[in-house]
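Please see the structure below; I have some questions.
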Protein chains: 2
Amino acid sequence: MCCTGDDLVRVLATLSNPHRVRVVAALAGGRNYVSRLARELDISRALLQVHLKKLEAAGLVSSRLELSEDGKAMKFYEVNPFSVHLTPEFLASAAETLTIEKGSPR
Amino acid sequence: MCCTGDDLVRVLATLSNPHRVRVVAALAGGRNYVSRLARELDISRALLQVHLKKLEAAGLVSSRLELSEDGKAMKFYEVNPFSVHLTPEFLASAAETLTIEKGSPR
DNA sequence: AGCACATGCAAAGGAATATTAGCAGGTGCC
DNA sequence: GGCACCTGCTAATATTCCTTTGCATGTGCT
């Protein structure tokens with residue numbers, strides 16, 4: 001037991017976008033940096049950055065800024081291992097720690 | 001094994017709403033009809049109906065119209081058992097059957 | 001200087017969601 | 001008839017999300 005119901009909802013919301021699923025899938029095969037990942041997934045870099053931010057905000061990926069040998073700053077992303085067993089019973093327990101306030105996404 | 005990546009995304013999108021999680025949680029404790037469920041969850045019936053429709057469209061719940069002893073039409077909902085093990089590896093396999101349609105402007 | 005590559009961010013428009021309010025229908029009971 | 005229940009729909013609003021476009025920074029190489 002580690003996450004609140006709100007955290008779960010945030011994770012599910014984050015993974016409810018095909019682009020972000022593909023990003024996680026790509027990173028599951030190994031870490032990568034933004035520009036290259038954008039080329040491999042064939043999406044714009046700006047779009048990828050937005051999705052990466054959401055994934056990181058949800059705790060699904062981590063980033064690390066590194067300097068390549070030729071001095072260029074490159075931001076590497078990698079997946080944080082996670083495991084959620086989605087069942088009605090699990091949702092029932094998660095619902096106990098769920099706030100319903102309006103304008104809550106944050 | 002059974003669902004496409006698109007189906008998975010749809011399920012996750014459906015469960016990425018606190019109201020719908022609470023609905024599933026409530027139904028996990030037993031079937032119920034719309035008006036009563038709305039009272040128990042303390043939300044408007046119109047709102048609940050919208051969420052129930054989405055849950056049913058995603059295949060997470062089922063509905064059945066029944067007649068009470070006193071002749072009133074009552075729509076009962078119940079959860080369809082489901083089990084999704086959410087991991088990076090699982091997403092990687094799901095991503096293979098994921099449509100993105102859209103021109104790719106590089 | 002100019003090109004290729006890396007990063008970041010903000011504004012703007014369109015699309016999709018969430019929620020409310022209000023209407024319609026039905027039954028049975030006092 | 002008038003309540004108290006049940007069901008269903010729509011239109012209109014507010015809000016959030018998605019995506020593109022554009023500009024800013026920096027590096028190294030020719």
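Within every chain, numbering begins at 1; the chains are lettered A, B, ... in the order of the sequence lines, protein sequences first and strands thereafter.
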Euclidean distance, atom CD of residue B:Glu40 to atom P of D:dC6 [Å, nearest integer]: 11 Å

B:Arg36 atom CZ is separated from D:dC5 atom P, nearest whole Å, by 13 Å

Measure the distance from CG on B:Leu55 to C1' on C:dA18 and round it to the nearest whole Å. 14 Å

When rounded to the nearest 0.5 angstrom, what is the spacing between OG in A:Ser62 and CD in A:Glu56? 6.5 Å

Mark yes when over 12 heavy atoms from residues, nucleotides or ligands other than B:Asp70 sit less than 6.0 Å from its CG; otherwise mark no. yes

Considering only D:dT19, D:dC5, C:dA6, which nucleotide approaches the side chain of A:His19 most closely? D:dT19

Determine whether B:Leu37 and A:Leu98 fall in the same hydrophobic cluster, where Ile, Leu, Val, Met, Phe, Trp and Tyr are linked whenever their side-chain heavy atoms lie under 4.5 Å apart. yes

Without decimals, in angstroms, what is the distance between A:Arg10 CZ and D:dT16 C1'? 15 Å

Interatomic distance, A:Lys54 NZ vs D:dT16 P [rounded to whole Å]: 11 Å

What residues from residues 42-49 of chain B pass a heavy-atom cutoff of under 4.0 Å to DNA chain C? B:Ser44, B:Ala46, B:Leu47

For the student: nearest non-hydrogen atoms of A:Ala92 and B:Ala25, plus distance: CA-CB, 3.5 Å

Of B:Arg39 and A:Arg20, whose closest DNA chain D nucleotide lies nearer the 5' terminus? B:Arg39

If we only count heavy atoms from C-beta on, is the B:His85 to A:Leu86 side-chain gap below 4.5 Å? no

Rounded to whole angstrom units, what separation is found between the CG atom of A:Asn17 and the P atom of C:dT17? 11 Å

Looking at C:dC9, D:dT19, D:dC9, which one has an atom nearest to any side-chain atom of A:Lys53? C:dC9

When you compare the side chains of B:His19 and B:His51, does any donor N or O come within less than 3.5 Å of an acceptor on the partner? no

Does any pair with a residue in residues 22-32 of chain A pass side chain to side chain donor-acceptor pair (under 3.5 Å), and if so which ones, sequence neighbours excluded? A:Arg31-A:Glu66, A:Asn32-A:Arg36, A:Asn32-A:Glu40

Would you say that A:Lys75 contacts A:Val34 through its side chain, given a criterion of any heavy-atom pair below 4.5 Å between the two side chains? yes

Might you work through the side-chain contact (heavy atoms from CB on, under 4.5 Å) test for B:Asn80 and B:Leu60, ending with a clear yes or no? CA-CA 5 Å; B:Asn80 294 332; B:Leu60 297 172; 5.9 Å; no

Nearest-Å distance for atom pair CG/C1', residues A:Leu52 and D:dC17: 17 Å

What residues from residues 65-80 of chain B pass a heavy-atom cutoff of under 4.0 Å to DNA chain C? B:Asp70, B:Gly71, B:Lys72

B:Val34 has a side chain; which of C:dT17, C:dT7, D:dG8 sits nearest to it? D:dG8

